[in-house]
Amino acid sequence: MASSIPVRPLIDPFQRSISYLRVSVTDRCNLRCVYCMPEQGVPFVPHQEILTLEEIARIIRVAAGMGLRRVRLTGGEPLVRKGIVNLVRWIGQTPGIEDISLTTNAMLLPSCAHELATAGLRRVNVSLDTLRPERFRQITRRGDLPAVMAGIAAARAAGLSPVKLNVVVMRQVNDDEIVEIARTTQGEDWQVRFIELMPFMEEQETCIRDTSLVPGFVPSQEVKRQIEGALGPLEPAETNTGGGPARYYRLPGARGLIGFISPLSEAQFCATCNRMRLTADGKIRPCLLTDQEVDMKQTLRQGGSDDDLRQRILAALDSKPDAHHLGDGNRPRQRRMAQIGG
Ligand code: SAM
Ligand code: SF4
């Protein structure tokens, strides 16, 4: 049906073009990473409050008609959501969508990497904060490193490329492994991305209370200095995948890349933001680190038209803040990372 509202490109009030949606398909997870979820889990949103896969696909179809080009499925752990392969297929068949990717802890990837690739998934990002099995179990509270490595191997075998590894750097937790992890890019063609720990305070407080881990913030510049001190100068590198916030480098002669994602220390981080998020319970969240949200579920469930959905998407776009303003004391307080889709 033709739109009765003026077709407007997805440009926000600060002239950023928003072509990327990160979709949290569930708030549930099979792990309990110390910086993300408390040991006992979180009170999960009741099933009926979670968007159905059809509802998610519809929002994506409508947004694709407005200029959305790339979708990343995340969570919680997206692979615990039943029907995820169907969702990938539907998104892949949506006119306008050029790229579908997935962020996962990879524990369940061995059994579904091939199916996901066949359905249209292009790439995966795998969270991996340590190469030491004992430490991995401590950080994730229940993860199994060999299973994750099998998941990465399955992704590669299925042609999901490049594999990106997300490493949240935490002082006193894994900062002694920075060089070791960076060195793996010499022989592996993966992209290791060192991510600054973000202040989802409640998690970090429960983690300090419940475990002996006290994750501290480490700025990207310090991570880079450590790597260069041990392995030599990093050469800036270009990538054609993602268009995301990572700044990439390569060790001389290395097969893989090293990236830095610096939401806290990089002044220009927000100026190039190209994304919005859709939470599992149907809210568009224009900024990961700001609690402002626009509800889509009510519009969907009250029989809203595609035009109504477009209006809601534009409302979200128009409320996207210029920056996260963490430096001015802003903190995300309403939701945990696993409930937003990091
Ligand atoms: N379960 C999937 C996974 O772990 O990849 C997807 C969801 S998880 C919330 C997405 C990403 O957010 C992961 O790479 C995780 O490391 C990151 N993350 C979670 N809490 C974070 C925090 N406080 N600071 C920085 N990154 C965080
Ligand atoms: Fe689960 Fe991912 Fe959060 Fe870890 S980071 S608890 S794997 S959602």
Side-chain angles (χ1 to χ4, degrees), residues 1-27 45-76 78 81-103 119-121 273-288 290-321 334-335 339-342:
M1 202 200 329
S3 169
S4 61
I5 63 166
V7 177
R8 224 185 89 187
L10 291 174
I11 307 279
D12 80 359
F14 304 96
Q15 301 310 309
R16 294 170 298 192
S17 174
I18 308 300
S19 55
Y20 180 24
L21 188 67
R22 295 177 68 103
V23 179
S24 174
V25 295
T26 179
D27 59 339
V45 177
H47 191 67
Q48 64 275 18
E49 297 304 323
I50 297 289
L51 291 188
T52 65
L53 298 180
E54 288 79 1
E55 287 170 333
I56 294 173
R58 182 172 171 209
I59 293 172
I60 291 171
R61 178 176 57 71
V62 170
M66 303 168 77
L68 180 73
R69 294 293 169 260
R70 296 171 42 224
V71 174
R72 173 172 296 276
L73 302 178
T74 177
R81 177 82 196 249
K82 284 204 182 70
I84 186 83
V85 174
N86 289 338
L87 180 62
V88 168
R89 187 172 307 110
W90 298 338
I91 298 171
Q93 292 166 350
T94 304
I97 298 297
E98 295 164 0
D99 185 42
I100 316 170
S101 55
L102 178 88
T103 299
L121 187 73
C273 185
N274 60 355
R275 60 199 56 197
M276 296 203 291
R277 290 174 160 80
L278 177 64
T279 66
D281 61 345
K283 312 270 198 283
I284 293 186
R285 189 168 167 113
C287 168
L288 168 67
T290 308
D291 282 329
Q292 164 79 33
E293 295 177 347
V294 170
D295 183 56
M296 301 297 288
K297 189 172 59 192
Q298 207 181 0
T299 308
L300 283 164
R301 295 192 180 173
Q302 290 180 346
S305 65
D306 285 358
D307 263 356
D308 295 330
L309 293 174
R310 276 187 273 273
Q311 300 280 18
R312 302 301 288 159
I313 292 169
L314 290 176
L317 185 74
D318 289 340
S319 67
K320 188 167 166 66
Q334 306 295 328
R335 289 177 189 267
Q339 293 169 314
I340 303 168

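Position 1 is the first residue of the sequence; numbering continues from there.
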- Quick one: pull up CG in Leu317 and CZ in Arg312 and give me the separation to the nearest 0.5 Å. 13.0 Å
- Query: Are any side-chain N or O atoms of Arg275 and backbone N or O atoms of Leu21, one a donor and one an acceptor, separated by less than 3.5 Å?
  - Reply: no
- Task: Compare every heavy atom of Pro78 with every heavy atom of Thr103, then report the nearest pair and how far apart it is.
- Result: O-CG, 3.0 Å
- Message: If you count every heavy atom of other residues, nucleotides or ligands that lies below 6.0 Å from Gln298 atom CD, does the total exceed 12?
- Response: no
- Item | Val23 side chain near Thr74 side chain, heavy-atom distance below 4.5 Å | no
- Message: Please determine whether side chain to side chain contact (heavy atoms under 4.5 Å, CB included) holds for the pair Ile59 and Leu300, giving the CA-CA distance in whole Å, both sets of side-chain angles, and the decisive distance to 0.1 Å.
- Response: CA-CA 9 Å; Ile59 293 172; Leu300 283 164; 3.8 Å; yes
- Item | Least distance between heavy atoms, Arg285 atom then Thr279 atom | CB-CG2, 4.5 Å
- Nearest atoms (heavy-atom pairs only) where Pro286 meets Ser319: CG-OG, 3.6 Å
- Between Lys320 and Arg16, is any pair of side-chain heavy atoms under 4.5 Å apart? yes
- With side chains defined as the heavy atoms from C-beta onward, is the minimum distance between Leu278 and Leu51 less than 4.5 Å? yes
- Rounded to the nearest 0.5 Å, the CD atom of Gln292 sits from the NZ atom of Lys283 at a distance of 12.5 Å
- Task: Would you check if Arg277 and Ile284 make a side-chain contact, meaning some heavy-atom pair closer than 4.5 Å?
- Result: no
- Item | salt bridge (charged side-chain N to carboxylate O under 4.0 Å, His left out) against Arg81, all qualifying residues, sequence neighbours excluded | none
- Kindly determine whether Asp281 and Lys297 satisfy side chain to side chain contact (heavy atoms under 4.5 Å, CB included), including the steps that lead there. CA-CA 7 Å; Asp281 61 345; Lys297 189 172 59 192; 4.2 Å; yes
- Is any side-chain heavy atom of Leu73 less than 4.5 Å from a side-chain heavy atom of Val88? yes
- Query: Can you list the residues that meet the side-chain hydrogen bond (donor to acceptor under 3.5 Å, both in side chains) rule with Arg89, with sequence neighbours excluded?
  - Reply: Asn86
- Message: Checking Ile60 against Leu68 for the side chain to side chain contact (heavy atoms under 4.5 Å, CB included) test, could you report, in this order, the C-alpha distance in whole Å, the side-chain angles of both residues, the deciding distance, and whether it holds?
- Response: CA-CA 8 Å; Ile60 291 171; Leu68 180 73; 4.3 Å; yes
- Task: State, with a plain yes or no, whether a side-chain heavy atom of Val62 is found less than 4.5 Å away from one of Ile313.
- Result: yes
- Task: Work out which heavy atom in Thr94 is nearest to a heavy atom in Arg61; give both atom names and the distance.
- Result: CG2-CA, 3.7 Å
- Over all heavy atoms of both residues, which pair between Phe14 and Pro321 is shortest? Give the atoms and the distance, please. CE1-C, 3.8 Å
- Message: Quick check: closest heavy atoms across Ala315 and Val294, and the distance to 0.1 Å?
- Response: C-CG2, 4.1 Å
- Can you tell me how far the CD1 atom of Ile84 sits from the CG atom of Leu53, to the nearest 0.5 Å? 7.0 Å
- Residue pair Met66, Arg310: steps toward the side chain to side chain contact (heavy atoms under 4.5 Å, CB included) verdict: CA-CA 8 Å; Met66 303 168 77; Arg310 276 187 273 273; 3.6 Å; yes
- Quick one: pull up OG in Ser19 and CG in Leu10 and give me the separation to the nearest 0.5 Å. 8.5 Å
- Would you call Arg58 and Asp306 a side-chain contact if the rule is heavy atoms closer than 4.5 Å? yes
- Query: How about Tyr20 and Arg69: do any of their side-chain heavy atoms sit closer than 4.5 Å?
  - Reply: no
- Find the distance between CD (Glu55) and OG1 (Thr299) and round it off to the nearest 0.5 Å. 11.0 Å
- Message: Between Asp99 and Arg70, does any side-chain N to carboxylate O distance fall below 4.0 Å?
- Response: yes
